[in-house]
Protein chains: 2
Amino acid sequence: MEQTLTFSIQDYLKNIYELTDSGEPATTTALAERLGIAPASVTGMVQKLSTAKPPLLKYRKHQGVMLTNEGQRAALEVIRHHRLLEAWLVKTLGYSWDEVHNEAEKLEHVISEDFEKRIAAAMGNPERDPHGEPIPSEDLVMPDDESVALVNLESKQEAVVCRVEAQDTDLLKHLEGLGLVIGAHVKTLEVSRYDQVMQLQVRGRKEAVVLGPAVTSRVYVEVVA
Amino acid sequence: MEQTLTFSIQDYLKNIYELTDSGEPATTTALAERLGIAPASVTGMVQKLSTAKPPLLKYRKHQGVMLTNEGQRAALEVIRHHRLLEAWLVKTLGYSWDEVHNEAEKLEHVISEDFEKRIAAAMGNPERDPHGEPIPSEDLVMPDDESVALVNLESKQEAVVCRVEAQDTDLLKHLEGLGLVIGAHVKTLEVSRYDQVMQLQVRGRKEAVVLGPAVTSRVYVEVVA
DNA sequence: AATATAATTTAGGTATTCCTAAATTATTCT
DNA sequence: AGAATAATTTAGGAATACCTAAATTATATT
């Protein structure tokens with residue numbers, strides 16, 4: 001007599017977040033394996049989440065998924081819950097580092113923001129969990145924005161990011177630091193950022209090859225080859 | 001973008017437990033009101049829970065529901081979780097008595113037995129929650145048993161419990177203390193007990209008028225009228 | 001006791017999230 | 001480049017927990 005257990009939206013977002021930390025889109029198959037369900041089921045859910053209002057992720061057939069900033073915010077909230085909980089359980093209930101995970105995995109979905117703040121405060125707002133993983137702070141992700149076409153590349157051309165519009169010099173440094181190269185087939189691009197995560201998104205053309213969450217700043221590129 | 005929230009089996013059991021603490025069966029309508037859903041929905045769920053293996057409750061059309069001992073065990077586990085959590089949140093996170101309820105309401109369903117033991121131990125195994133409600137201890141409810149016909153009454157007859165089989169003198173005192181009278185139409189009966197809760201069950205005849213969870217001891221009665 | 005009213009269940013329908021099998025699309029190999 | 005293979009999506013179906021409206025059963029009134 002068990003309640004049918006299905007995955008929450010939070011579970012999907014968290015796992016997508018973890019799968020995409022390289023900056024590469026997550027495939028439906030990889031996500032399916034992680035969750036232990038059939039790939040077809042993931043396809044369906046991903047289609048739903050990508051057309052939600054607001055969209056929690058961007059999805060392109062056969063390409064994979066990337067979180068929107070909204071999706072990232074939700075994912076990071078859960079991760080923050082998880083890591084704070086782990087730290088707290090270890091500290092107050094004598095759990096060992098390896099024991100806390102499953103407990104936190106369940107609690108992370110149900111605690112309130114108030115609860116989160118209380119345990120964070122009770123521990124002096126720690127920056128890392130017992131495993132040494134950083135605990136993401138709140139308000140790290142920028143709001144989503146409408147995407148805008150920026151630059152056109154011919155097929156097979158490559159380009160390097162050279163300028164970021166507006167005041168976002170931070171983002172520019174980030175791009176330059178990565179020596180980011182935009183691959184061929186790219187027609188228009190948008191850039192989004194969170195921590196080391198750098199994602200490129202292309203839309204509106206069938207030859208698009210990269211995709212990402214949502215635009216946060218306009219970016220200009222120089223054609224290379 | 002919200003996950004559809006439906007009631008868990010635990011929610012049903014807990015609410016039935018609370019509705020039946022008088023010993024009277026809970027009506028589907030009362031349960032529906034408590035949960036904020038349509039009576040028809042409760043009927044369906046109750047039918048399912050009563051035919052589960054093992055059955056978590058006994059249900060008779062138009063009569064209402066009572067928990068089986070198995071159902072009571074599950075309900076008390078959740079209640080124990082709830083009260084321990086309330087006590088713990090108040091003690092360790094500075095929650096006030098009125099704030100803890102909602103938080104505990106969510107946590108109670110997801111914590112492990114290990115977690116439960118840890119917070120109980122951390123507080124020195126308290127017997128009451130911050131509201132003064134007793135925290136049920138584990139292993140309070142007896143296992144379910146196959147029911148057996150014990151005595152036959154003619155229609156309209158009444159009877160008083162006079163003897164309880166085997167060593168259970170405690171139960172006997174309990175029955176006598178209540179001056180329990182078995183109503184008319186009763187053909188065979190079984191008795192179950194938890195704390196002040198006393199339930200009667202009748203089966204196998206369409207004229208049955210009382211119902212209860214499951215038998216725990218044989219009981220003999222004397223015909224009165 | 002017969003009828004009116006209220007409570008409850010049944011029947012049929014919706015939405016959700018999973019499944020499997022078939023069809024499609026992408027990738028790899030020769 | 002073409003064929004074989006692998007990855008992914010589509011289509012159709014199952015289970016669950018809710019809903020509303022209609023049918024039934026119980027209760028109250030006269």
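Remember, predicted model here, so these are calculated numbers, not experimental data.
Atoms CG (Asp11(B)) and P (dA17(D)) sit 12 Å apart, rounded to a whole Å. Atom CD1 of Ile37(A) and atom P of dT20(C) are 11 Å apart (whole Å). Taking atom CZ on Arg60(B) and atom C1' on dT9(C), their separation rounds to 16 Å, with Å as the unit. In this entry the distance linking OH of Tyr59(B) with P of dT25(D) reads 12 Å, nearest Å. Following rounding to the nearest Å, Leu49(A) (CG) and dT16(C) (C1') show an atom-to-atom distance of 13 Å. The interatomic distance linking Leu31(A) (CG) with dA7(D) (C1') rounds to 15 Å, in whole Å. Rounded to a whole Å, the CG atom of Leu5(A) is 11 Å from the P atom of dC19(C).
With sequence neighbours excluded, no residue forms a side chain to side chain contact (heavy atoms under 4.5 Å, CB included) with Ala40(A). Remark: Phe115(B) pairs with Trp88(B) by the ring pair (Phe, Tyr, Trp, His ring centres under 6.0 Å) rule, at least two apart or across chains. When the side-chain hydrogen bond (donor to acceptor under 3.5 Å, both in side chains) test is applied to Ser8(A), the partners found at least two apart in sequence or on another chain are Asp11(A). By the side-chain hydrogen bond (donor to acceptor under 3.5 Å, both in side chains) test, Glu116(A) is found to be paired with Arg80(A), His81(A), residues two or more places apart in sequence or in another chain being considered. Asn102(A) pairs by the side chain to side chain contact (heavy atoms under 4.5 Å, CB included) definition with nothing, not counting sequence neighbours. Glu103(A) meets the side-chain hydrogen bond (donor to acceptor under 3.5 Å, both in side chains) test with Tyr95(A), Ser112(B); sequence neighbours excluded. For Arg83(B), the side-chain hydrogen bond (donor to acceptor under 3.5 Å, both in side chains) test picks out no residue, with sequence neighbours left out. Ala74(A) is linked by a side chain to side chain contact (heavy atoms under 4.5 Å, CB included) to Leu13(A), counting only residues two or more places apart in sequence or in another chain.
For residues 26-40 of chain B, every residue pair satisfying the salt bridge (charged side-chain N to carboxylate O under 4.0 Å, His left out) rule, not counting sequence neighbours, is listed here: Glu18(B)-Arg34(B).
For dC18(C), the OP1/OP2 oxygens have no side-chain nitrogen or oxygen of Ser41(A) closer than 4.0 Å. For Lys48(A) and dT17(C), the shortest distance from a side-chain N or O to OP1 or OP2 is below 4.0 Å.
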Identify each atom pair where a protein N or O and an N or O of nucleotides 26-28 of chain C are less than 3.5 Å apart, giving names and distance.
none

Between protein and nucleic acid, restricted to nucleotides 11-14 of chain C and to nitrogen or oxygen atoms under 3.5 Å apart, what atom pairs and distances do you find?
none

Every protein N/O lying under 3.5 Å from an N/O of nucleotides 3-6 of chain D:
none

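Atom CD1 of Ile135(A) sits about 12.5 Å away from atom CG of Leu76(A), to the nearest 0.5 Å.
The side-chain heavy atoms of Thr51(A) and Gln47(A), taken from C-beta on, include no pair separated by under 4.5 Å.
Here the side chain of Thr68(A) pairs a donor or acceptor atom with the backbone of Pro55(A) at under 3.5 angstrom.
In the set dT17(C), dT9(D), dT9(C), dT9(D) carries the atom at the smallest distance from any side-chain atom of Thr28(A). Checking dT10(C), dT9(D), dT9(C) against the side-chain heavy atoms of Gln47(B) singles out dT10(C) as nearest. Side-chain proximity of Thr6(A) to dC19(C), dC18(C), dT9(C): nearest is dC18(C).
Heavy-atom nearest nucleotides on DNA chain C were determined for Thr27(B) and for Phe7(A), and the one closer to the 5' end corresponds to Thr27(B).
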